[in-house]
Amino acid sequence: MNILLAGGSGFLGRNIAAVIADAGHQITNVSRSHGVDFARMLAAEDWLSHLAGIDVVINCVGIIGETGAQRFEPLHTLAPAALFRACQQAGVRRVIQISALGADESAFSSYHLSKRAADDVLRSLDLDWFVLRPSLIYGLGGKSAGLFMRMASMPMISVIGDGQQQLQPIHISDVVATVMQCLVSTKTRQTLDIVGNETVTFEEWLQWMRNAQGLPRARVIHIPFAIAMFMAHLLGRFYPMMQPQNLRMLQAGYWADVKPLARFLGRMPQTIEASLFFLDAVCEGRLS
Ligand SMILES: NC(=O)c1ccc[n+]([C@@H]2O[C@H](COP(=O)([O-])OP(=O)(O)OC[C@H]3O[C@@H](n4cnc5c(N)ncnc54)[C@H](OP(=O)(O)O)[C@@H]3O)[C@@H](O)[C@H]2O)c1
């Protein structure tokens with residue numbers, strides 16, 4: 001297949017590209033690193049020349065916080081919506097949209113709302129679409145996983161409030177496996193929450209990350225939510241991942257029913273294991 005991969009230079013995109021290439025498909029990459037800025041691709045006409053000869057579009061462009069010219073509305077909503085409409089015009093039937101867990105009717109952050117708006121456009125079109133909503137993705141090279149790894153390696157670990165926020169992290173190899181299944185599945189027009197098969201608390205998640213780094217369990221410092229939000233207001237200017245709305249999303253948790261994903265994959269996603277933290281989708285595929 002000829003696949004247009006938007007966001008192929010990122011963590012998820014690199015992993016998808018590697019596995020797709022191993023499977024013998026041809027990839028056309030789209031990102032700023034490949035000379036295409038979503039902020040300038042806001043009309044369906046902007047996309048048509050990129051879609052000649054394309055069978056499938058996968059969109060994994062995203063930002064976790066706004067900085068400078070990187071804004072949620074153009075990158076998460078307007079450019080993807082234009083791309084999806086262009087697919088309909090150009091006869092590209094299959095579109096796989098990487099959204100995020102929480103981009104549903106409960107969404108409150110501009111991150112989630114901007115993703116959901118694009119998801120809604122895709123769901124309204126006569127295409128073979130998939131909307132995939134991953135939980136926290138872990139594995140070698142992930143930005144948020146890397147940040148949590150560094151937090152976990154401190155002599156004491158800091159958690160927000162009671163640290164009991166519920167998370168269902170998913171390994172990168174399972175996200176890529178889901179995308180691969182979307183390439184061939186006849187069960188199209190699906191929105192799927194991409195979650196792991198275990199729910200852990202934020203505190204346990206950081207302890208898992210210590211374990212993966214060969215460190216013993218650490219004492220825990222509980223930072224009251226109001227103080228954490230105050231710090232996020234200061235630090236978020238420099239580190240988009242630490243912006244206040246990301247803290248609020250973490251506080252709400254990242255969990256969902258795993259059964260629909262298990263049915264789609266024909267197996268359960270991976271159980272958390274220390275070794276998985278240092279594997280990408282290609283390594284994991286070769287080991288399993
Ligand atoms: N990682 C997670 O835990 C997680 C969880 C849930 C959902 N997601 C979603 O999954 C997708 C991929 O996440 P990721 O972790 O792979 O993120 P990432 O590593 O930050 O990659 C983001 C991708 O978006 C591209 N991009 C950013 N701004 C762009 C622009 N203006 N124009 C064109 N391309 C642009 C980047 O390429 P350039 O910088 O080269 O432009 C890169 O390829 C995102 O939509 C994210 O919201 C991720």
Side-chain angles (χ1 to χ4, degrees), residues 10-12 60 62-67 70 72 76 98-116 132-139 141-154 156-172 174-175 193-213 217-258 269 272 276-277:
F11 168 52
L12 178 54
C60 36
I63 52 171
I64 192 63
E66 295 190 319
T67 52
Q70 293 283 87
F72 287 127
H76 283 180
I98 308 297
S99 182
L101 192 65
D104 53 25
E105 54 292 337
S106 71
F108 57 83
S109 65
S110 22
Y111 171 81
H112 277 144
L113 291 167
S114 58
K115 289 239 170 212
R116 189 182 75 187
L132 305 183
R133 298 193 298 216
S135 175
L136 292 178
I137 306 172
Y138 70 103
K143 281 186 208 159
S144 57
L147 174 73
F148 288 139
M149 273 286 189
R150 287 193 293 282
M151 282 174 67
S153 65
M154 306 282 178
M156 288 194 277
I157 57 178
S158 306
V159 298
I160 303 155
D162 62 6
Q164 298 304 296
Q165 297 85 1
Q166 302 289 298
L167 309 177
Q168 244 170 304
I170 180 96
H171 190 255
I172 182 71
D174 284 327
V175 186
D193 290 333
I194 312 298
V195 292
N197 67 0
E198 284 164 280
T199 307
V200 291
T201 64
F202 181 51
E203 180 178 330
E204 267 315 301
W205 183 232
L206 293 180
Q207 299 286 14
W208 254 112
M209 290 195 160
R210 286 184 71 78
N211 175 281
Q213 294 175 85
R217 288 180 76 84
R219 284 189 55 200
V220 177
I221 306 170
H222 295 271
I223 302 180
F225 185 67
I227 293 177
M229 283 297 275
F230 176 72
M231 287 160 65
H233 277 287
L234 296 178
L235 290 172
R237 291 178 202 169
F238 309 104
Y239 305 104
M241 215 172 284
M242 298 209 169
Q243 289 177 1
Q245 67 165 358
N246 293 336
L247 220 61
R248 288 176 60 219
M249 290 192 291
L250 179 62
Q251 180 73 353
Y254 285 97
W255 46 271
D257 184 2
V258 69
I272 301 168
L276 286 176
F277 288 85

How close do [X] and [Y] get, counting heavy atoms only, and between which atoms?
{"X": "A228", "Y": "I223", "result": "N-CG2, 3.9 Å"}
{"X": "G163", "Y": "H222", "result": "N-ND1, 4.4 Å"}
{"X": "G196", "Y": "V258", "result": "O-CG2, 3.6 Å"}
{"X": "E66", "Y": "Q243", "result": "O-NE2, 3.2 Å"}

Donor-acceptor under 3.5 Å ([X] side chain, [Y] main chain):
{"X": "Q166", "Y": "T199", "answer": "no"}
{"X": "R210", "Y": "M154", "answer": "yes"}
{"X": "Q207", "Y": "E203", "answer": "no"}
{"X": "Q168", "Y": "Y254", "answer": "no"}
{"X": "D193", "Y": "D257", "answer": "no"}

Roughly how far, to the nearest 0.5 Å, is the OG atom of S99 from the OH atom of Y111?
->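 Here the rounded value is 7.5 Å.
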Atom pair CH2/CD of W205 and E198 - distance to nearest 0.5 Å |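 Answer for the CH2-CD pair, W205 versus E198, is 9.0 Å.
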Are more than 12 heavy atoms from other residues, nucleotides or ligands located less than 6.0 Å from atom CZ of F225?
->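 Yes - once you tally the heavy atoms of other residues, nucleotides and ligands closer than 6.0 Å, there are more than 12.
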W208 atom CH2, neighbour heavy-atom count above 12 within 6.0 Å = yes
For the pair F108 and H112, name the ring-plane relationship: parallel under 30°, tilted 30 to 60°, perpendicular over 60°.
-> perpendicular
What is the ring orientation for Y138 with H171, classed by angle as parallel under 30°, tilted 30 to 60°, or perpendicular over 60°?
-> perpendicular
